[in-house]
Amino acid sequence: MHVAAIAGGTGAAKLLRGLTAVMDARDLTIVGNTGDDTEVWGLHVSPDLDTVTYALAGRLDVERGWGLAGETFRCLEAMGDLGAETWFNLGDRDLATHVFRTRALRAGATLTAVTAELARRLGVATRILPMSNDPVRTRVRTPDGWLSFQEYFVREKAQVQVLEVEYAGAARARPAPGVLEAVREADVVVVCPSNPVTSVGPVLAVPGVADGLAATRARVVGVSPIVGGAAVSGPASELMRARGLAVSPVGVATAYAPWLDALVLDHRDAAYVAELDGLGLAAVPADTLMIDRAREIALARVVLTS
Ligand code: GDP
């Protein structure tokens, strides 16, 4: 069975770990969000690709949901002593990833190539693809003007009002090699429980991806990141509201209409099943809080059979 997964960072990483435990990891292709890529100290940082890569390599800091386990931040401290900006938390060993990536990109490698190389060197068997090799940058408009996604999410800790979200560069971006093929040739496409606006949204904004999802013969199955009226973590609720989407599995389904075939939602949201059926998709209640490995695996099984 071939599976393609559209993935953001923290929420996606848990389900992807589950998927690789219940299927041959080599038959999974991940299409990762690069809308929140950024430059820090001159280095190209791809937070979502790294979160997914570290998770599948067994190196993710599971408590934080990003970065490497057992990380230290001495370089960050030293940069602070030099008066550099330090609001973006780059760990010492994580820095190696960004130096490696930036050096390869400057030498002319594509993000596709360097992402594959990083995965290979970290012992990850799953194919991890960036959604595009062209720059797409998620930006949010606040009452004080536009912020990059990382300025909003990390520097401002998502504590500012969001009036609008855009994916700068998306209209000119091409899907990275392998992305459309993975969606077309999969038996199941999984839309991970990721932020619909800032993790999945940028992937869908790349021309051709949404059409590919509508055309694929694969079953397209999403997992709701909204549980009991709120995001499990992060600013998905605020951003969905800013987009005019209901903060519920119905809002998630609306964001993914018309190509979503099934939505796995939490048992506590079972009241939405009838409404989701009315939208023409299968609604599958399950235990969707992945608080341990057993639950990641159990949810992965539900997704593959929904
Ligand atoms: P980010 O780029 O790090 O924000 O990563 P994602 O977009 O992949 O993950 C954030 C989203 O995942 C949030 O909307 C959370 O509500 C959702 N999420 C995180 N953990 C879980 C979980 O265990 N279960 C479900 N259903 N959603 C989760």
Side-chain angles (χ1 to χ4, degrees), residues 5-19 30-38 45-56 60-67 88-89 128 130-131 136-138 140 148-150 152-154 157-158 165 167 190-204 221-243 245 247-249 251-253 255-256 263-270 272 283-300 302-303 306:
I6 298 179
T10 323
K14 296 187 245 179
L15 183 62
L16 294 168
R17 259 194 320 243
L19 285 169
I30 296 166
V31 177
N33 170 41
T34 57
D36 55 8
D37 281 21
T38 189
V45 181
S46 297
D48 282 356
L49 294 176
D50 290 343
T51 297
V52 163
T53 305
Y54 293 164
L56 296 186
L60 187 71
D61 186 310
V62 178
E63 304 269 280
R64 280 199 301 253
W66 55 267
F88 196 88
N89 300 297
I128 305 175
M131 66 193 201
V136 176
R137 294 294 173 267
T138 301
V140 301
S148 73
F149 178 73
Q150 299 302 343
Y152 160 71
F153 185 59
V154 181
K157 301 184 170 55
V165 180
Y167 313 115
V190 180
V191 184
C192 291
S194 290
N195 190 317
V197 181
T198 54
S199 288
V200 181
V203 183
L204 302 179
V221 183
V223 178
S224 176
I226 302 296
V227 174
V232 178
S233 59
S237 311
E238 294 79 348
L239 293 166
M240 288 177 74
R241 240 177 254 121
R243 272 282 160 97
L245 294 165
V247 183
S248 73
V252 176
Y256 302 153
L263 183 68
V264 179
L265 71 167
D266 203 79
H267 282 304
R268 73 197 75 181
D269 294 320
Y272 289 105
V284 183
D287 186 358
T288 70
L289 281 187
M290 295 173 281
I291 53 173
D292 55 32
R293 288 300 164 92
R295 269 167 261 222
E296 293 172 4
I297 291 169
L299 185 58
V302 171
V303 166
S306 287

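The basis for the numbers below is simple: all heavy atoms, side chains too, and nothing from hydrogens, waters or symmetry mates. We count ligands from 1, going down the list as the structure has it; atoms in each ligand are counted the same way. Numbering of residues begins at 1 and proceeds along the displayed sequence.
- Near S233, meaning under 4.0 Å from any of its heavy atoms, are these atoms of ligand 1: 13 (C), 14 (O), 15 (C), 16 (O), 19 (C).
- Within the set P225, P193, G9, S237, the minimum heavy-atom distance to atom 12 (O) of ligand 1 is found for P193.
- Distance CG/N195 to OG/S233: 9.0 Å, rounded to 0.5 Å.
- Interatomic distance, L239 CG to F149 CZ, rounded to the nearest 0.5 Å: 7.0 Å.
- Y167 pairs by the side-chain hydrogen bond (donor to acceptor under 3.5 Å, both in side chains) definition with R243, not counting sequence neighbours.
- Nearest protein heavy-atom contact of atom 3 (O) of ligand 1 is T10 OG1, 2.6 Å.
- Contact record, P193 with P225: C-CB, 3.9 Å, taken as the closest heavy-atom pair.
- Below 3.5 Å of separation, one finds an N or O of M290 facing an N or O of ligand 1.
- Heavy-atom contacts of G8 reach the following atoms of ligand 1: 8 (O) (cutoff under 4.0 Å).
- With rounding to the nearest 0.5 Å, the separation of OG1 in T198 from OH in Y152 is 7.5 Å.
- At the shortest separation from atom 26 (N) of ligand 1 among protein heavy atoms lies S224 O, 2.9 Å.
- Shown in contact with D48 at under 4.0 Å from a heavy atom are these atoms of ligand 1, numbered in order with element: 2 (O).
- A salt bridge links R293 and E296; the closest N-O separation between the charged side-chain nitrogens and carboxylate oxygens is under 4.0 Å.
- Geometrically, ligand 1 and A12 share a nitrogen or oxygen pair separated by less than 3.5 Å.
- With a 4.0 Å cut-off on non-hydrogen atoms, V200 does not touch ligand 1 at all.
- Near A236, meaning under 4.0 Å from any of its heavy atoms, are these atoms of ligand 1: 14 (O).
- One option in S199, G11, G234 has a heavy atom closer to atom 7 (O) of ligand 1 than any other, and that option is S199.
- The two residues R295 and L289 come nearest to each other via the heavy atoms CD-O, 3.5 Å.
- In A7, neither the side chain nor the backbone holds a heavy atom less than 4.0 Å from any atom of ligand 1.
- Residue V232 places at least one N or O, backbone or side chain, under 3.5 Å from an N or O of ligand 1.
- The two residues S224 and L263 have their closest heavy-atom pair at N-CD1, 3.9 Å.
- For atom 25 (C) of ligand 1, the closest non-hydrogen atom on the protein side is T288 O, 3.5 Å.
- Among all protein heavy atoms, the one lying closest to atom 20 (N) of ligand 1 is K14 NZ, 2.8 Å.
- Not a single heavy atom of C192 sits less than 4.0 Å from an atom of ligand 1.
- Taking any N or O of V223, backbone or side chain, none lies under 3.5 Å from an N or O belonging to ligand 1.
- In this structure, Y272 has no ring-ring contact (aromatic ring centres under 6.0 Å, His included) partners at least two apart in sequence or on a different chain.
- Nearest heavy-atom pair across G35 and M131 is N-CE, 3.8 Å.
- Contacts between S194 and ligand 1 below 4.0 angstrom, taking non-hydrogen atoms only, involve backbone and side chain alike.
- Numbered from 1 in the order shown, with element, the atoms of ligand 1 that lie under 4.0 Å from a heavy atom of A231 read 16 (O).
- With P130 as reference, L49 is the one residue of D48, V31, L49, V203 to meet the side-chain contact (heavy atoms from CB on, under 4.5 Å) rule.
- Screening V154, D36, T34 for a side-chain contact (heavy atoms from CB on, under 4.5 Å) with P47, the sole residue that qualifies is D36.
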